[in-house]
Structures are given as structure tokens and as C-alpha cells.
Amino acid sequence: MNLSPLPARPPKDTPKGANMSDKPDLNAISHDLHAVRLEKLAQLRANGEDPFRANWNQSHISSECAKLLPEGVEEGPEVSVAGRVVAIRVMGKASFVKILDRAGIQQCYFTRDALTERYDTHFKKLVDLGDFIGVRGKLFRTKTGEVTVRAADYGLVSKAVRPLPEKWAGLTDAEKIYRQRYLDLVVNEESRNRLLIRSRVIESIRKFLWSRQFTEVETPALHSVAGGAAARPFETHSNALDCDFYLRIALELHLKRCLVGGMDRVFEIGRVFRNEGVSIKHSPEFTMLEAYQAYTDYRGMMELVRSLIQTVCKEVLGQTVVTRPDGVAIELGGEWREAKYKDLIIERTGDAQWFSRSKEEKIAACKKLGLEEPRTDWEDFEVTNEIFGKLIEPTLLQPTFVTHIPKELCPLAKVTVGDDSTIDVFELCINGQEIAPAYSEQNDPGVQRKMLEIQAGAETQKIDEDFLLALEHGMPPAGGLGIGIDRLVILLTGAANIRDVILFPTLGPDKNA
RNA sequence: GGCCGGAUAGCUCAAUGGUAGAGCAGUUGACUUUUAAUCAAUUGGUUCGGGGUUCGAGUCCCCGUCCGGCCA
């Protein structure tokens, strides 16, 4: 290695641009961080080193290094670590360098004694915050107790020609956090952990369902009829088939076809798309788990979802209590409260006769309760559901199964025996949000057709005839469950916004680009 | 769609209508156990875009763009 030092700083009275050297003067461009780093890259290449053609053998990650040096032991084995440089503290002939790998941060110790002139001419001059390096050396413990790699050798294996965000405040601009999530992941540990938890939640869900002998399947995202929920779909077009498609708004109708086909325990974790408002709780694309189990019903789904959430929570967080950003603790362990929809409404309105009131009386009551006036074209049940959605659901912080829901709200569920007005379903509410609905699935093709026709009204093209045909071939009695994965992760991480648990949330095109 | 708030150096933020600043990052130097290292010096600005008011606009007014929040 024969590196020439950077050109010396010119005398103070030298005007800008007066540098006669062949190489661009870093002093002259020191305000332009991109240019400075490009110049360093050019110097590396001029010296026969190309960081983009280099690599490094990673023998250990940061979390493993700590275990290799137990308390009381002075020096550990040699390790070879690699990661992004996120901190450099130079103190003359010795420096501390922190690198970030998939497990976290590993400190390394660089000295002139070990690295000779390369320490001054290469490390100090050409390695920047944000670069990727590999470091080989023995572990030791600093006097403050931090396990550190004493660098015997290191290599520059990728150069960042753009700077990292500020090290202390990190990245706070909301748009940049979402648009340049990679930077957020590098500098904001909270974001990194939150999104890693999401991944572990999904892993844990799969393991749980596999242990219950569920089969994981993949069903189409392009639907000719957007069914299984009430939502406005995204539309697209197939050139090859010369027809329009909708992006799916639910997984339900294809998973039920799997039940018809004899896959009697089946689930899918998949992206669904709804062309509706974007908010703190709503993303145009989000991830649903739907699971269907034959020969059980919504009561069976209660046990399934409670076990699932409790198992996942314990496995990922190591406990069953989660804390909201406002400090309120939510206990997910033990049995969960059950409450009938009608009882909650009567309790909240203080009107035992609520369900025999006229629509006009209900609308008047809504105004009294401080709600915006419901639209007059709403159906009677929609006025009542406004009270549930606005005044009851947000208060259900502790896990609550809301049961005996009006049948108009869920056309795909079985009607309760002995009460024609309700259906055998629950809505699991936690953290003031609907986390998981579950049904005793409707498998009577005649009743199902009637319910879908009522829901579709004049828009008969919205009826999935192929699904009804499948039902006519016979679907076993089954319980079905849906879980909004994003909302579950919000619950488990204490996130404030659905976008904080989605790596790359939906954004419009970057107008500044 | 409505209302409110925001956009200033690479990043995080200041700036009564009167010379656009600080910290970090960068550059130069000192420093062999730091923890936001420290110390000294120093570079860096189309104040989101377009109009207007004014002797003078980052600041006030109008229009627009984008972002965020609340509501629908």
C-alpha cells in the first residue's frame, strides 16, 4: 500500500480555485459532501483500490462478539466482523469505530501501532461515516467494559458517496423517514427494532399455525370481482387477457374455495389493497392473515386467535403486557372479555330501547352524543354502527370479543340460531382498534347468494358467481379468522402510526426528485 | 374533500419587517481506552415555487406544490 497523503491546505490568503495540483483540493470542495467523497473514491482507485470490487468474510456478528468475551475475561478470540461505519472517534494515534450489522453495533479499536502508516494515510483520510468496512482482530474489553475488536486488519468494502443523517437527532423529517427508509434504518434504532419485530411476529404466526396443522397457501391478487369485504378496489388491466382486474380487497373467497377443495385447515398471509383514505390507521396496501378451519365455528376461532396472539406476544416480546405510547398498559394474558354488540350500544347510549327506536330518533341521539350528523341516506344499522365505531371501539383498549353483531354488517357469516338479527361472529378489539374479525362461515349457497345480492344491490357485477358455484359443490362447516397484521404489530410495538410498521409505506411520486 | 400546522446549510433546528445563524456532519490541525469524545481553526444558503405590499420580505398578503395532523 503506497498512499500519498492528501494535498496540504493552501495558505489562508490563497483564493479559491488557485490550487495548481492535478488533484481537486478537498479544502476547496469541503462544503460539498458528495464531491468530497467522490474525490476520496477517486484517490482510492488511483491507488489501485476499488471498494466496490472488494468483499470481506464475516465470521461473527455484533451480538455474538459479546458472548465470546464473558465477564472477567480480558482477551477473547479473533473475530472478523463487517458492517456500516456509524461512528468514528479519532484520538490521535488511536480511534474507536462503531460498525452496524444486522444484529446491532460493534465497536472496533484502530491504532497506528497495529495498522502502521495505513492508519494515517488510509483510515484517517479515506474512510468516512457510512462506508462499509470489515475488521479482523482479537476481542478485548475497554476500561468502560465495552467488548471491542482490536483491529489487526481491516478493509473498505463499499463507499458511501452520500453522507448519513445527523448522528444525534437522526432523521426526523417524516417524509424522508418513509421515502428514504434505508437511512431511517441506519440511524434510528427504534425504527430498526420495530420493523424487525414485525418480521418476527410473522415468523411466529406461521410457526403457530403450522403447529396447528394449517396449510399455507397463496391465492391470486388479481380478481375479476373484488369480493370478501366492502371496500373500493384498485383497478388494473391485463393486456394478454384483454380484461380488467381488481387488486384483491380480501383473501376470503379464494381461501373458502380451498375449503371446498378439501384443504380443511388453510391460511394465507398476504397483501390486500383498498383504494380508500390514508390515515394513521389505514394504508392503501396492508397485510392480512386469514385462516379457515373446518369443523369448528367462531367460538373455536376465539380460542385460536387468543392462543395465537398470546403465543406470538410471548415469543416475540417475552411477556404478555404491552404499553401504549400514552403509557396505558394492555394485558394480553389470561381470558379475554366478551361483550355483546347490543349491550355495548345500550350501555353507551343509556337507552335500553335503542334497537326499537326509529332511524330519526337514533340520528337525534347521535347528535346529542356529540357525533357529526349521520348522513340521511344511511341505513338504520349504519347509524348504530357509527356509535360503535366512534364512541365504543376507541375505548376498547383491553382485549374484548364483541359478539352478536347485526347481520347486515357481515354478509358472509351464519345467522345466530334463535336470533335472526345477529350473526355468529366476533370482532376482536384491542388498543381501540379492530384487530381481528372471525365468523362461523356461511356455507349455505342459497343464503349466501341472497346476502351477496342484498349487499350488491343494483351492482350485480359485484357478485362473485364463481365463488357461489364453489359453495354449491359443498363447503364444510368452518370458522374463519382475519387478523390485520399491521395493527397487531402496532399493538405489539407501541407504534403511533401504521406507516411506522410498514417498511416502505405508500407514497406519491417524489416531486422533489 | 374541509380545517389547522409545516417547508431555512448534507442532517437537526434558530432568526421584532432591517447584515440569514447554531449544533452535528465536512475540511485543516492537536490528541493511544472513547461513549453525542474533547480542544482550536474553517468551508458551506436559489430561505419550496410564482406573484404582490414595502425604502427594505425567510418573516406580511395572494396563488401553487409537497409533507404532517385533525375531520369527512
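Here, B:C48 and B:C31 have their C1' atoms 43 Å apart, quoted to the whole Å. Taking the P atom of each, B:G6 and B:C61 are spaced 11 Å apart, rounded to whole Å. Remark: the separation of the C1' atoms in B:A14 and B:A22 is 7 Å, to the nearest Å. Rounded to whole Å, the separation between the P atoms of B:U53 and B:C39 comes to 50 Å. B:C63 and B:A20 have their C1' atoms separated by 26 Å, with the value rounded to a whole Å. Going from the C1' atom of B:G51 to that of B:G44 covers 30 Å, rounded to whole Å. Between B:G18 and B:G56, the two C1' atoms lie 7 Å apart (nearest whole Å). Separating the P atom of B:C67 from that of B:C55 is a span of 38 Å, rounded to the nearest Å.
Distances from the side chain of A:Thr172 to the nucleotides B:G26, B:U33, B:U12 place B:U12 closest. Considering only side-chain atoms of A:Asp173, the nucleotide from B:G26, B:U12, B:C70 that sits closest is B:U12. Closest to the A:Arg150 side chain, of the nucleotides B:A72, B:U28, B:U33, is B:U33. Of all nucleotides listed (B:U12, B:U32, B:C66), B:C66 comes nearest to the side chain of A:Glu175. Here the nucleotide nearest the side chain of A:Thr111, chosen from B:U32, B:G26, B:U34, is B:U32. Taking only side-chain atoms of A:Lys143, from C-beta outward, the nucleotide of B:U34, B:U27, B:G10 with the closest atom is B:U34. Listed nucleotides: B:A25, B:G44, B:G26. Nearest to the side chain of A:Val36: B:G26. Listed nucleotides B:G26, B:C70, B:G23 differ in distance to A:Glu166; the shortest reach to its side chain belongs to B:G23. Distances from the side chain of A:Pro163 to the nucleotides B:G26, B:A72, B:G10 place B:G10 closest. Distance from the side chain of A:Arg179 is smallest to B:C67 among B:A25, B:U43, B:C67.
A:Thr422 and A:Lys340 share no donor-acceptor pair across their side chains, judged by distance under 3.5 Å alone. With hydrogens and angles left out, the side-chain atoms of A:Ser95 and A:Tyr119 include a donor and acceptor closer than 3.5 Å. Checking A:Thr287 against A:Arg198 by side-chain atom types alone, a donor-acceptor pair falls below 3.5 Å.
When heavy atoms are screened at a 4.0 angstrom cut-off, A:Leu164 is found touching no nucleic acid atom at all.
Contacts with RNA chain B (heavy atom under 4.0 Å) in residues 90-109 of chain A: A:Val90, A:Met91, A:Gly92, A:Lys93, A:Ala94, A:Phe96, A:Lys98, A:Gln107, A:Tyr109, listed by number.
Seen from the ring of A:Phe52, A:Arg45 does not count as a face-on cation partner, given the 6.0 Å and 45° thresholds.
Helical stems of RNA chain B (runs of at least 3 Watson-Crick or G-U pairs, donor-acceptor distances under 3.5 Å) are listed by first residue: B:1-7 with B:65-71, B:10-13 with B:21-24, B:26-30 with B:38-42, B:48-52 with B:60-64.
Side-chain atoms of A:Arg136 and A:Glu78, non-hydrogen and from C-beta on, do get closer than 4.5 Å to each other.
One finds a side-chain N or O of A:Lys125 lying less than 4.0 angstrom from the OP1 or OP2 phosphate oxygen of B:G29. The phosphate of B:C11 (OP1 or OP2) has a side-chain N or O of A:Lys176 nearer than 4.0 angstrom.
Judged by distance alone, with hydrogens and angles left aside, A:Asp113 brings a side-chain donor or acceptor within reach of the base of B:U32, the pair sitting under 3.5 Å.
For the pair A:Asn497 CG and B:C67 P, the interatomic distance rounds to 14 Å; values are reported in whole Å. We find that CG of A:Leu33 is positioned 10 Å from P of B:C11, with the value rounded to whole Å.
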